Each structure stands twice: as structure tokens, then as C-alpha cells.
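To start, the structure under review is shown below, and the notes come after it.
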Amino acid sequence: NAGVTQTPKFRILKIGQSMTLQCAQDMNHNYMYWYRQDPGMGLKLIYYSVGAGITDKGEVPNGYNVSRSTTEDFPLRLELAAPSQTSVYFCASRAPGHSSTPLHFGNGTRLTVT
Amino acid sequence: GENVEQHPSTLSVQEGDSAVIKCTYSDSASNYFPWYKQELGKGPQLIIDIRSNVGEKKDQRIAVTLNKTAKHFSLHITETQPEDSAVYFCAASADTDKLIFGTGTRLQVFP
């Protein structure tokens, strides 16, 4: 039982390039989330999904896209990378039911856009 | 939408002392308040949570208190140890699918 797995761990992109951050969970969790973490800014919600085929915007969705074709995977796509997207990205999942079930986080992807 | 403020941003204590981190929230509909601990290079992990029908909850050396009238909640760590050094995040949720986080507190415990 690996929990939430994020790949890659680190990535450097040039401005305008695109990439996909991968996230997979093996806990059969319906709910999955993408957060970004900037220094002194806490965790900001980018997108989330309550099940396969369903996604919704969070606090800071601009510049990102997501898809949820399976329960296990929730990739985050950056189409035209910008320096403002330099951040640490965390994927999380939780069991269905009441919103107070705990979030399980991956170990993050550190992205630098130069 | 919900806004969560967290203070202080950094906190240094001597081993054995207590540490207190405070958060305020804006949405009176919020009813779930978890605390997460993030160690270096890792994702946050839940350490304790409280729901709005409870004023205080304890788990060994950590406790959380909630004041719904004032819309603030606090994390208390007693008898701090070096392994408590980490970044701590508070969060709030109003029975929705979204959890809104505070800006984090870096706690350093000196031996």
C-alpha cells in the first residue's frame, strides 16, 4: 500500500513549455486534490475531484488543467509554463463520506520555471 | 469564501516548553478544523482535528481548542521535543469538499 505517489520529484521547465504532474493513489479514495505551496503562503487549492469524470476549480486554477479518467489517477497539466508557477505541488486524496475524513498527501513535486 | 489566518509564522521554543499556534477563520459555516504537520521534504500529515460541536480535544501532548463565537482555534503542544520541529498548518472546512489552509507556522524546538 503505497498511499499517494507523485512523479516527478523535481522538474525544471523553460517558460512556455508544458508538462504533466502525475498523481496516483491506491487507497480507492474518491476524492483527490491538487495544492500548490509557496513560501509563507500555505497551501492553495488548484483543482479537486470527487470521483472519476468529475473535476472542479479550487482557489487558484488559472494556468492549470486536470482530468480524472480513473479513480486512481489525477494528473495536473501545465500548458504554457510561467515563472509564477514555480512552486511545490502536492496531490492529496481522502475517503468518501463526510468532509472530515483526513487528507493523505503525496511527497510533492518541486517545479521551477525559468 | 473561507479565509484562514495563522500566527505566528515562526516560533522558537526550548525543549520542554509549550508552544501555541493560533488561527482565525472567516466563514461562520465552517465546522471542521484539522491541524497538519509537515516535515522537511514530505507532504503534510494530519495530527489532530476538531469539529464545531466540541470545544477542546486532546491527544497526548497535543490539544486543540475552538472558540466558535470568536471564530478562532488554537494548537497547543506541551513538553515540546526536538522531533516536534516542523511546519504546522491549520485548516477549515464547511462540510464541503474543500479544505482551506492557513499560511503555516515553522516551529523550532531547541535542545
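Each chain gets a letter, A, B and so on, in the order the sequences are listed, and its residues count up from 1. Model, not experiment: these values are computed from the prediction.
Put simply, A:Tyr35 and A:Leu78 are part of two different groups of oily side chains (I, L, V, M, F, W, Y) that touch within less than 4.5 Å, one to the next. A continuous path of Ile, Leu, Val, Met, Phe, Trp and Tyr side chains, each step under 4.5 Å between heavy atoms, connects A:Met32 with A:Val66, placing both in one hydrophobic cluster. B:Tyr32 and B:Ile48 fall into different hydrophobic clusters, defined by Ile, Leu, Val, Met, Phe, Trp and Tyr side-chain heavy atoms under 4.5 Å apart, directly or through other members. Note: the hydrophobic cluster containing B:Phe73 also contains B:Val54 (ILVMFWY, side chain heavy atoms under 4.5 Å, direct or indirect links). Residues A:Leu13 and A:Tyr89 share a hydrophobic cluster, clusters being chains of Ile/Leu/Val/Met/Phe/Trp/Tyr side chains in contact below 4.5 Å.
Atom OH of A:Tyr48 sits about 12.0 Å away from atom CG of B:Leu99, to the nearest 0.5 Å. Atom NZ in B:Lys98 sits 11.5 Å away from atom NZ in A:Lys57 (nearest 0.5 Å). The structure places CG of A:Leu103 at 4.0 Å from OH of B:Tyr36, a figure rounded to the nearest 0.5 Å.
Across all their heavy atoms, A:Phe90 and B:Gln38 have their closest contact at CZ-NE2, 3.2 Å. The nearest pair of heavy atoms linking B:Leu46 to A:Pro102 is CD2-CB, 3.3 Å.
Around the CD atom of B:Gln14, the shell of radius 6.0 Å holds more than 12 heavy atoms that belong to other residues, nucleotides or ligands. More than 12 non-hydrogen atoms from other residues, nucleotides or ligands lie less than 6.0 angstrom from NZ of B:Lys68. Residue-environment remark: CG (B:Leu40) stays at or below the threshold of 12 foreign heavy atoms within 6.0 Å. Counting non-hydrogen atoms of other residues, nucleotides and ligands closer than 6.0 Å to CD of A:Gln17 gives a total above 12. In the displayed structure, B:Gln45 atom CD is contacted under 6.0 Å by at most 12 heavy atoms of other residues, nucleotides or ligands.
Residue A:Gln37 touches chain B through its side chain alone, counting heavy-atom pairs closer than 4.5 Å. Of the atoms belonging to A:Leu43, heavy atoms from both backbone and side chain fall under 4.5 Å from chain B. Proximity to chain A involves both the backbone and the side chain of B:Pro44, based on heavy atoms less than 4.5 angstrom apart.
Residues of residues 100-111 of chain B having a heavy atom under 4.5 Å from any heavy atom of chain A, listed by number: B:Ile100, B:Phe101, B:Gly102, B:Thr103.
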